[in-house]
Number of protein chains: 2
Amino acid sequence: MAPSVPVSPLAPTATPAMPTIAGLRFAAGEAGIRYKGRTDVTVAVLPEGTAVAGVFTRSRCPSAPVDWCRANLGGGRARLLVVNSGNANAFTGRTGVASTRLTAEIAGRASGATAAEIFLASTGVIGEPLDASRFEGVLDRLVAEAREDGIAEAARAIMTTDTFPKLATATADIGGVPVTINGIAKGAGMIAPDMATMLSFVFTDAPIAAPALQALLSRGVEASFNCITVDSDTSTSDTLMLFATGGAAERGAPAIADPADPRLAGFAAALDGLLLDLAHLVVKDGEGARKFVSVRVEGAESDASAKRIALSIANSPLVKTAVAGEDANWGRVVAAVGKAGEAADRDRLAIWFGPIRVAAEGLRDPAYDEAATSSYMRGQDIDIRVDIGLGSGRATVWTCDLTKLYVEINGDYRS
Amino acid sequence: MAPSVPVSPLAPTATPAMPTIAGLRFAAGEAGIRYKGRTDVTVAVLPEGTAVAGVFTRSRCPSAPVDWCRANLGGGRARLLVVNSGNANAFTGRTGVASTRLTAEIAGRASGATAAEIFLASTGVIGEPLDASRFEGVLDRLVAEAREDGIAEAARAIMTTDTFPKLATATADIGGVPVTINGIAKGAGMIAPDMATMLSFVFTDAPIAAPALQALLSRGVEASFNCITVDSDTSTSDTLMLFATGGAAERGAPAIADPADPRLAGFAAALDGLLLDLAHLVVKDGEGARKFVSVRVEGAESDASAKRIALSIANSPLVKTAVAGEDANWGRVVAAVGKAGEAADRDRLAIWFGPIRVAAEGLRDPAYDEAATSSYMRGQDIDIRVDIGLGSGRATVWTCDLTKLYVEINGDYRS
């Protein structure tokens, strides 16, 4: 049924070597959630005292695990993360709530964690009851087997229709002590009847308290995961969590509770960079993607206005098919600016594809060179820049092109 | 470059026989706007005293002809409509304004109309200067040759990448006197580097003054052209105009100036029906369309909320590719409801595909029958219905499926 999808041509050529974080262990195994003989459950065992932060889908119809995690965030502590694929436990009503409870019970017996310290994420088919009893006998084994060097396996295990695992690592300095930040993500691969979901989990040994961690994550997501779009569709299950074990305190890193503490500046910058890396990897594995597109809007009335215009361009099927066709179709960019509903004056617009200004002052650039532009459009990375010419608001978002493979992957074509 | 696109499988099997309207004449010809030897200019010659109304694209970057028409609407009178294809005269700056002026000058000399009585529409490439001098010697000939039975030719002449001409006719009764309403449209066919545009022109012999005509049109467009979407992209040039010659007054129809006049009820209903017919034809010729999809949302907090949810479903690439794949993927419908940003409670949602309820109370319907649903999805007309379960707001919108042919048509694939 599903087409055989080759590894994205935008996949990175090398996977980063991931340092370990003391006491943080990973394992993956099979629980037979939807299919037999397939890795479908992953755990991250977190050392005592781990602080947690999270951001979740803005969907008004979130999955049961998203509700579960949101409710637990208030406690600020995490001991175990359980991720399953095969079933999203979304749109499952009261059964879904019962499934999250049963999963947490089994996970609690396996790890000694309280229900409030257990975090859950599910991805897979929507609307099917999740039989959580299948975790019985599996989670205890995984908790026992989990290894500090297991993050690469975890990154692979949470994949569904992703064509490559997504990992990123960074280091930062807190009070003169180096700390590590490791992140993994799964992206926007969707195959009927499965529903894709963006999941990302980030781990650090920095000793940062939960409220400060939440502030850093909420800020960091704005310019990274909240600035990517594959097809404008939001999952019921999108989840991004940040866990801080605090282990670096043993090496002398100061414990930090105030998000405004200046000693967090380096960590915040490293975290922002890592979130952006992971977000870009998700776009580079967008269904059918052949080109990585950045859309930068400047000169808008405000940053918020610039972002809405940039998303209007990045979500335009006509812009995305033009990029797929290697066509510098700036008329479609003008149309996408026009439909964004934000202040714009067609006679002040300027548009660039890469270094080439194709239009200025509401007209095709007199120096426009068709051959040079076509050559640029044949590249893999396409930068579209628009100057609205009205103010100083700016924003950048990232997307991929829209190809026939996207339709094939998502269309199933049962007939 | 452009793929050869077959006639849409959703095209009507027969074209309606169009009655004539006294004094209203049409002609089409060649002005060599972009290519030689191609019909690219159409005129409608309107009898003296014709009232006019119009609605236009909401784009913040409208074309020069849209600006021209908006400015002229205040006069309320029309003598000549000039439509050209090949060049949209959009994003052409001051040159574009000069082109509309020159077109109107030539049209005025050809017809005797004043500039304020001339209406213009352009479709085609965006960002290229329109050489209006090419209309010289063409418009006067077309005005002279125009015939009352020319509307079918006009419907064909305004096509760009449409695969079939779009015509509709209706009759109504005003004060006991029958009146005719005739409409034509061109739709959402887009081929790089051309930019498509929805154009529609409706003509009646009813004696209705311009302000009342505008009220009828503005109301009628809400439930028709404003409820269709092919790919969520808005053109810089979308134009819908309604011309009333008043000729039926000679047969005793009362002249009506008040939009609230109860004698207009039948006319308003007939106009609404005709606008809906034309809007449906545009969807049925959407690029690559193989299925005609209606999305009905009820039980929302308000009608406006219902419409936003319905458009979120109708614009979702995942819903549209699922329909193309004949997959009753209601999980994607749930996701599209969730991302609309409107009030929704996943545990109250119910979803139908045609007569089959697939989900209720936040769960898959226990009586769900996969075989019956698959059989329904193989049909050409797909009705998706969602009950939000919160209030009494309702709306229906129409769209088509998203197929590989859409990507092919719009992707150009120069490489």
Side-chain angles (χ1 to χ4, degrees), chain A residues 58-62 90-93 95 125-128 190 192-193 195 231-236 316-318 321-322 324-327 329-332 334-344 346-347 349 359 361-364 374 378 402-404 406-408 410-415, chain B residues 58-62 90-93 95 125-128 190 192-193 195 231-236 316-318 321-322 324-327 329-332 334-344 346-347 349 359 361-364 374 378 402-404 406-408 410-415:
Chain A
R58 289 172 179 163
S59 173
R60 299 294 183 100
C61 300
F91 206 60
T92 44
T95 333
V125 68
I126 201 169
E128 295 282 341
M190 318 195 189
M195 164 60 67
D231 53 13
S232 79
D233 274 329
T234 305
S235 163
T236 54
S316 161
L318 287 173
T321 50
E326 305 189 335
D327 175 16
N329 197 317
W330 54 272
R332 296 183 179 178
V334 175
V337 171
K339 78 168 178 168
E342 296 296 312
R346 64 176 184 231
D347 295 339
L349 286 186
E361 294 176 14
L363 284 170
R364 187 181 57 189
S374 292
R378 285 193 287 273
L402 172 55
T403 66
K404 286 192 217 178
Y406 173 89
V407 178
E408 189 172 333
N410 288 299
D412 191 18
Y413 289 105
R414 295 186 189 196
S415 57
Chain B
R58 289 172 179 162
S59 173
R60 299 295 183 100
C61 299
F91 207 58
T92 44
T95 334
V125 68
I126 200 168
E128 295 282 340
M190 319 198 187
M195 164 62 67
D231 54 13
S232 78
D233 274 329
T234 305
S235 163
T236 54
S316 161
L318 287 174
T321 49
E326 306 188 336
D327 175 16
N329 197 317
W330 53 272
R332 296 183 181 178
V334 175
V337 171
K339 78 167 179 169
E342 295 297 312
R346 66 176 182 230
D347 295 340
L349 286 186
E361 294 176 15
L363 284 170
R364 187 182 57 190
S374 291
R378 284 194 287 274
L402 172 56
T403 66
K404 286 192 217 179
Y406 174 88
V407 178
E408 188 172 333
N410 288 298
D412 191 18
Y413 290 104
R414 295 188 189 194
S415 57

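Each chain gets a letter, A, B and so on, in the order its sequence line appears, and its residues count up from 1. Nothing here was measured: the structure is a model prediction, and the numbers come from that model.
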>> Apply side chain to side chain contact (heavy atoms under 4.5 Å, CB included) to residues A:Phe91 and B:Asp347 and explain how you reach the verdict.
In response: CA-CA 7 Å; A:Phe91 206 60; B:Asp347 295 340; 5.9 Å; no

>> Can you tell me how far apart CZ (A:Arg364) and OG1 (B:Thr95) are? Round to the nearest 0.5 Å.
In response: 10.5 Å

>> Does any backbone or side-chain atom of B:Glu342 lie under 4.5 Å from a heavy atom of chain A? Answer side chain, backbone, both or neither.
In response: backbone

> Between B:Cys61 and A:Val337, which heavy-atom pair has the shortest distance, and what is it?
Replying inline: SG-CG1, 4.3 Å

> A:Pro62 versus B:Arg346: any side-chain heavy-atom pair under 4.5 Å?
Replying inline: yes

> Counting distance only, does the side-chain N/O of A:Arg60 pair as donor-acceptor with the main-chain N or O of B:Ala344 below 3.5 Å?
Replying inline: no

> Once you round to the nearest 0.5 Å, how far does OG1 of B:Thr403 lie from NZ of A:Lys404?
Replying inline: 10.0 Å

> What is the minimum heavy-atom distance between A:Pro317 and B:Tyr406, and which atoms define it?
Replying inline: CB-OH, 3.4 Å

>> Restricting to non-hydrogen atoms, name the atom on B:Leu402 and the atom on A:Val407 that form the minimum distance, rounded to 0.1 Å.
In response: O-CG1, 3.5 Å

